[in-house]
Amino acid sequence: MNKFNLPKIHSTLIIGAGHGIGLSLVESLLDRAPEARIFASYRDATRSNKLMALAKQFSSRLKTYQWDPNSENNYKSFAEKIEAETQHIDLLINSIGFLHNSEFKPEKSLRDVNMDQLMESFRVNSVVTPLLARYFFHLLRHDQQSCFASISAKVGSIEDNQLGGWYGYRASKAALNMFLKNISLEFKRRNCNTSVLSIHPGTTITELSEPFIARTKLKLHKPEETATNILNVIDREAATGSGKFFSWDGKELPW
Ligand SMILES: NC(=O)c1ccc[n+]([C@@H]2O[C@H](COP(=O)([O-])OP(=O)(O)OC[C@H]3O[C@@H](n4cnc5c(N)ncnc54)[C@H](OP(=O)(O)O)[C@@H]3O)[C@@H](O)[C@H]2O)c1
């Protein structure tokens, strides 16, 4: 079995590629994985213009799929569409995430905590990843080393939590991390050569962070820098780091 080698992979699936970090991952992979076919999902076409333009420009390598991860009914048929194109996925990255929308802002206090926002946080940030692992397992398991990664967040680290607040986002990312640890153990038990990584991307200028970046003292990254950092972590850790939580700079984070 060959070790994971990003420049040599043949196929990759990016979930949540319509904009933000997911879109930058697609752009970066077009360059860093020159032999790979890239399959990319987006939800809202009106917010995915750049992805559409790339798909036209790189029509032999990049194929896009409008796909909504919020219903389990959509997973099997989506996996079948990818399977019609490739028998093997070498790298799957889930880049979707929810922090705020027109209805919900991150909860500062228990006074803000409510069922609808908590359910939305867990549905988008936690539940999608184990469903992807379930429905794409057979494409990830093959005779080469593959990698299943999900973009998590440092604020989901229970040990690192010194400030509190952001109840739904923090807890749903902590749950995501537990799902990823579990998936890594099951993949190993089922003789699946797929490493499972949880990756904190660093504070990145996207729609998700936009309301908060003016006040942050944290280092700010452009999405293209973040994509480079994430792919560096994957390239370095996919062979040996399964079941671990990594920061954008390659440091291991506490769960
Ligand atoms: N930006 C940061 O500073 C930062 C820091 C730590 C972690 N992260 C994580 O990085 C990942 C990427 O986020 P980003 O910064 O690139 O933000 P973004 O540009 O807002 O992208 C978020 C992605 O999640 C999808 N999404 C949001 N709500 C959804 C829902 N209800 N159902 C299905 N899909 C939904 C979006 O698709 P639509 O276009 O269809 O809504 C989009 O693909 C997320 O997991 C986020 O938690 C980001």
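Remember, it's 1-based here, ligands and their atoms both numbered in the order they're listed. Since the structure is predicted, the reported quantities are computational estimates derived from the model, not experimental observations.
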- Centroid separation F136 to Y75 less than 6.0 Å: no

Flag for [Y]-[X]: side-chain donor and acceptor within less than 3.5 Å:
X    : Y    : result
S172 : S121 : no
N125 : R170 : no
H10  : Q144 : no
D116 : N114 : no
Y167 : Q117 : no

Tell me which protein heavy atom sits closest to [atom], plus the residue, atom name and distance to 0.1 Å.
atom                    : result
atom 10 (O) of ligand 1 : I151 CG2, 3.2 Å
atom 41 (O) of ligand 1 : R43 NH2, 2.8 Å
atom 12 (C) of ligand 1 : S95 O, 3.0 Å
atom 20 (O) of ligand 1 : L208 N, 3.4 Å
atom 32 (N) of ligand 1 : N70 ND2, 3.0 Å
atom 25 (C) of ligand 1 : I96 CB, 3.7 Å
atom 36 (C) of ligand 1 : H19 NE2, 4.0 Å
atom 3 (O) of ligand 1  : T204 N, 2.8 Å

The residue among F212, W166, Y169 that forms ring pair (Phe, Tyr, Trp, His ring centres under 6.0 Å) with H100 is F212

N/O separation below 3.5 Å, [X] to ligand 1:
X   : answer
G16 : yes
I21 : yes
R47 : yes

Close approach, [X] and ligand 1, non-hydrogen under 4.0 angstrom:
X    : answer
H221 : no
G202 : yes
E120 : yes
S152 : yes

Of all heavy-atom pairs between [X] and [Y], which one has the smallest distance, and what is that distance?
X    : Y    : answer
S146 : I89  : CB-O, 3.6 Å
S24  : P223 : OG-CB, 3.1 Å
V128 : R123 : CG2-O, 3.5 Å

Can you name the atoms of ligand 1, numbered from 1 with element, that are less than 4.0 Å from a heavy atom of [X]?
X    : answer
K173 : 44 (C), 45 (O), 46 (C), 47 (O)
P69  : 33 (C)
T206 : 1 (N), 14 (P), 15 (O), 16 (O), 17 (O), 19 (O)
A153 : 6 (C), 7 (C)
D44  : 40 (O)

Open item on the list: When you measure from the side chain of W255 to the backbone of N177, do you find a donor-acceptor pair of N or O atoms at a distance under 3.5 Å?
Closed with: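 Not at all, since once roles are kept as given, no pair shorter than 3.5 Å links the two residues.
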
- prompt: With distance as the sole test, does N229 use its side chain to make a donor-acceptor pair with the main-chain N or O of E225 at under 3.5 Å?
  reply: yes

Check your understanding: Of the choices G97, G20, P201, S150, which has the non-hydrogen atom that lies closest to atom 22 (C) of ligand 1?
Key ->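 Nearest heavy atom to atom 22 (C) of ligand 1 lies in G97.
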
Exercise. Tell me which one of F98, Y169, F212 gets a heavy atom nearest to atom 47 (O) of ligand 1.
Key: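 It is Y169 whose heavy atom sits nearest to atom 47 (O) of ligand 1.
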
ask   = Within 45° of the six-membered ring axis of F137 and under 6.0 Å from that ring's centre, is NZ or CZ of R190 located there?
value =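 Checked: cation-pi criterion met.
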
